[in-house]
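See below for the structure under consideration.
Hydrogens, waters and symmetry mates are skipped; everything else that's a heavy atom, side chains included, is used. None of these values were measured; they are calculated from a predicted model.
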Amino acid sequence: MRKLLIFLLMAVMVVISACSQEKPDRFVLVKGGTFMNTKSNHYGKSVTISNFYIGKYEVTQKEWIGIMGSNPSKFKDDNLPVEMVSWYDCVEYCNKRSIKEGLQPYYNIDRNKKDPNNKSDNDDIKWTVTINAGANGYRLPTEAEWEYAAGGGQMSESYTYSGSNNVEEVAWYWKNAGNKYLSGDWSWPAIEGNNTKTKSIGVKKPNELGLYDMSGNVREWCWDWYGDFGSNSGSLRVWKGGGWIGDVRGCESSYRGKFEANGRGPDQGFRVCRGE
């Protein structure tokens with residue numbers, strides 16, 4: 001009888017261990033290594049990425065509402081990416097989602113202490129946000145992780161955009177995200193008059209890793225300060241990937257965007273990642 005109980009206990013432990021190692025739903029495992037995309041800012045440099053999971057899609061409004069209870073987006077629909085979210089909103093979402101799913105929160109958020117590393121004159125929030133290294137909760141990708149994944153990781157074909165050299169195949173941007181295809185130079189009146197807006201996730205072609213919308217649709221927040229890679233202070237946070245308002249240049253995987261951490265816009269969203 002005792003041997004049977006021990007056997008059953010071991011079997012249960014194996015099942016629990018297997019379940020804990022299952023790929024999270026709607027995520028892709030990105031195998032680590034050095035940068036293979038020859039157009040990357042990190043190609044040929046001593047930058048090595050560890051394995052991590054990243055969202056197959058941008059965080060949707062349905063996912064956001066399920067965690068935060070309200071919807072800040074300008075363009076409302078469950079299957080559209082959430083937008084009008086600041087960098088602070090996103091780290092708060094990551095922690096709340098982690099707690100809801102029984103994971104260890106990745107961030108320590110001190111709302112009462114102004115971050116001494118935040119040099120911005122326009123950021124009126126300046127929460128001090130630090131990380132719990134090794135925590136299994138959700139987080140924003142680092143800029144290097146984002147660019148590595150968008151560029152195809154170890155399966156990279158060295159495309160300019162995430163999944164293609166033809167921007168129309170993979171990205172929603174100012175020319176194609178409205179009622180008709182626009183031509184000529186970027187023009188806000190033309191964009192505004194063309195019902196240009198965000199699009200449902202996962203409509204365009206994915207990249208080599210099966211990730212969607214890493215070029216265009218909404219700009220995606222990253223963890224990093226804008227400046228030299230690895231900077232531990234600054235005035236602005238990095239965004240990547242371009243958006244429905246933006247020009248084609250911003251859709252390039254290597255493009256480095258920047259925005260105040262407290263900034264919000266109808267083209268500003270994010271996707272999340274986790275450790276393996």
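When every heavy atom of Asp124 is checked against every heavy atom of Asn262, the shortest pair comes out as OD1-ND2, 3.1 Å. When all heavy atoms of Cys251 and Val167 are compared, the closest pair comes out as CB-CG2, 4.2 Å. Smallest separation of non-hydrogen atoms from Ser164 and Val170: CB-CG1, 3.7 Å. Between Ser235 and Ser120, the shortest heavy-atom distance links the atoms O-CB, 3.4 Å. Taking every heavy atom of both residues into account, Thr196 and Phe75 meet most closely at O-CZ, 4.1 Å. What you find for Ile245 and Pro266 is that their closest heavy atoms are CD1-CG, 4.3 Å.
A donor-acceptor contact shorter than 3.5 Å is absent between the side chain of Asn217 and the backbone of Gly243. Under a 3.5 Å cut-off, the side chain of Asp224 and the backbone N or O of Gly230 do not form any donor-acceptor pair. Under the 3.5 Å distance criterion, the side-chain polar atoms of Asn37 are left unmatched by any main-chain donor or acceptor of Gly152. Under the 3.5 Å distance criterion, the side-chain polar atoms of Lys39 are left unmatched by any main-chain donor or acceptor of Tyr161. Side-chain N or O atoms of Asn79 include none that pairs as donor or acceptor with a backbone N or O of Ser200 at under 3.5 Å. Put simply, the side chain of Ser231 gets close to the backbone of Asp228: a donor and an acceptor are under 3.5 Å apart. Here the side chain of Glu192 pairs no donor or acceptor atom with the backbone of Pro189 at under 3.5 angstrom. A donor-acceptor contact shorter than 3.5 Å links the side chain of Asn207 to the backbone of Ala149. Judged purely by atom type and a 3.5 angstrom limit, Asn51 has no side-chain atom pairing as donor or acceptor with the backbone of Lys31. Of the possible donor and acceptor atoms, one in the side chain of Asp110 sits under 3.5 Å from a partner among the backbone N and O of Asn112.
Between the side chains of Ser158 and Thr38, at least one donor-acceptor pair of N or O atoms lies under 3.5 Å. With hydrogens and angles left out, the side-chain atoms of Asp89 and Ser86 include a donor and acceptor closer than 3.5 Å. In summary, the side chains of Asn41 and Ser254 do not present any donor paired with an acceptor at a separation below 3.5 Å, with no hydrogens or angles considered. Judged purely by distance below 3.5 Å, without hydrogens or angles, the side chains of Tyr43 and Glu147 never pair a donor atom with an acceptor atom. Between the side chains of Asn71 and Ser73, at least one donor-acceptor pair of N or O atoms lies under 3.5 Å. No side-chain donor from either of Gln61 and Asp78 sits under 3.5 Å from a side-chain acceptor of the other. In this model, no donor atom of one side chain and acceptor atom of the other lie less than 3.5 Å apart for Asn117 and Asn232. Between the side chains of Tyr138 and Glu101, at least one donor N or O sits under 3.5 Å from an acceptor N or O. No side-chain donor-acceptor contact under 3.5 Å links Tyr226 and Glu143. Judged purely by distance below 3.5 Å, without hydrogens or angles, the side chains of Asp123 and Tyr88 pair a donor atom with an acceptor atom.
Between Tyr53 and Pro24 there is a side-chain heavy-atom pair separated by less than 4.5 Å. Between Trp172 and Ser215, the closest side-chain pair of non-hydrogen atoms is not below 4.5 Å. You'll find the side chain of Lys119 reaches within 4.5 Å of the side chain of Ser233, heavy atoms only. Side-chain contact between Val85 and Cys90: present, with at least one pair of heavy atoms (C-beta onward) separated by less than 4.5 Å. Two residues are said to be in side-chain contact when any heavy atoms from C-beta on lie closer than 4.5 Å; Arg237 and Phe259 fail this criterion. Using a 4.5 Å heavy-atom threshold, the side chains of Leu103 and Arg274 count as touching. For the pair Gln104/Ser98, no side-chain contact is recorded, criterion being any heavy-atom separation below 4.5 Å from C-beta on. The shortest distance between side-chain heavy atoms of Lys180 and Asn194 falls below 4.5 Å.
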Next item on the list: Please report the C-alpha distance between Arg219 and Gln268 in whole Å, then the side-chain angles of each, then the deciding distance to 0.1 Å, and finally whether the side-chain contact (heavy atoms from CB on, under 4.5 Å) criterion is met.
Entry: CA-CA 5 Å; Arg219 302 178 296 170; Gln268 186 68 54; 3.0 Å; yes

Next item on the list: Starting from the C-alpha separation in whole Å, work towards a yes-or-no answer on side-chain contact (heavy atoms from CB on, under 4.5 Å) for Lys204 and Tyr212.
Entry: CA-CA 7 Å; Lys204 292 282 189 177; Tyr212 292 84; 5.9 Å; no

Item checked: From CA spacing to verdict: side-chain contact (heavy atoms from CB on, under 4.5 Å), Asn132, Asn108 -> CA-CA 7 Å; Asn132 290 313; Asn108 303 303; 3.1 Å; yes

Next item on the list: Determine, stepwise, if the pair Lys126 / Asp115 fulfils salt bridge (charged side-chain N to carboxylate O under 4.0 Å, His left out).
Entry: CA-CA 5 Å; Lys126 291 189 176 181; Asp115 185 357; over 6 Å; no

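Aromatic rings of Trp244 and Tyr173 (six-membered ring for Trp) have centroids beyond the 6.0 Å cut-off, not under it.
Ion pairing between Lys240 and Glu220 fails under the 4.0 Å rule for side-chain N and carboxylate O. Here Lys175 does not pair with Glu168 in a salt bridge; the nearest charged N to carboxylate O distance is not below 4.0 Å.
The environment of Lys199 atom NZ is dense: over 12 non-hydrogen atoms of other residues, nucleotides or ligands sit within 6.0 angstrom. Other residues, nucleotides and ligands contribute only 12 or fewer heavy atoms inside 6.0 Å of the NZ atom of Lys100. Remark: Asp121 CG is loosely packed, at most 12 non-hydrogen atoms of other residues, nucleotides or ligands lying under 6.0 Å away. Within a 6.0 Å sphere centred on NZ of Lys113, other residues, nucleotides and ligands contribute 12 heavy atoms or fewer. The environment of Asn195 atom CG is dense: over 12 non-hydrogen atoms of other residues, nucleotides or ligands sit within 6.0 angstrom.
If you chain together hydrophobic residues whose side chains sit under 4.5 Å apart, Val91 and Val59 fall into the same group. In terms of hydrophobic clustering, with Ile, Leu, Val, Met, Phe, Trp and Tyr side chains grouped at heavy-atom distances under 4.5 Å, Leu182 and Trp188 are assigned to a common cluster. Put simply, Trp223 and Ile49 are part of two different groups of oily side chains (I, L, V, M, F, W, Y) that touch within less than 4.5 Å, one to the next. Using a 4.5 Å cut-off between side-chain heavy atoms of Ile, Leu, Val, Met, Phe, Trp and Tyr, with links allowed through other members, Phe27 and Met214 fall into different hydrophobic clusters. By the rule that hydrophobic residues join a cluster once side-chain heavy atoms approach within less than 4.5 Å of another member, Val218 and Tyr93 end up as members of separate clusters.
Remark: of the listed residues Tyr255, Trp146, Trp87, Tyr255 is the sole one forming a ring pair (Phe, Tyr, Trp, His ring centres under 6.0 Å) with Trp239. Here the rule is salt bridge (Lys or Arg N to Asp or Glu O under 4.0 Å) with Glu92, and of Arg139, Arg111, Arg97 only Arg111 fits it.
Stacking of Arg256 on the aromatic ring of Phe229 is recorded, both the 6.0 Å distance cut-off and the 45° axial limit being met.
Tyr148 and Phe52 have tilted rings, their planes meeting at an angle from 30° to 60° on a 0 to 90° scale.
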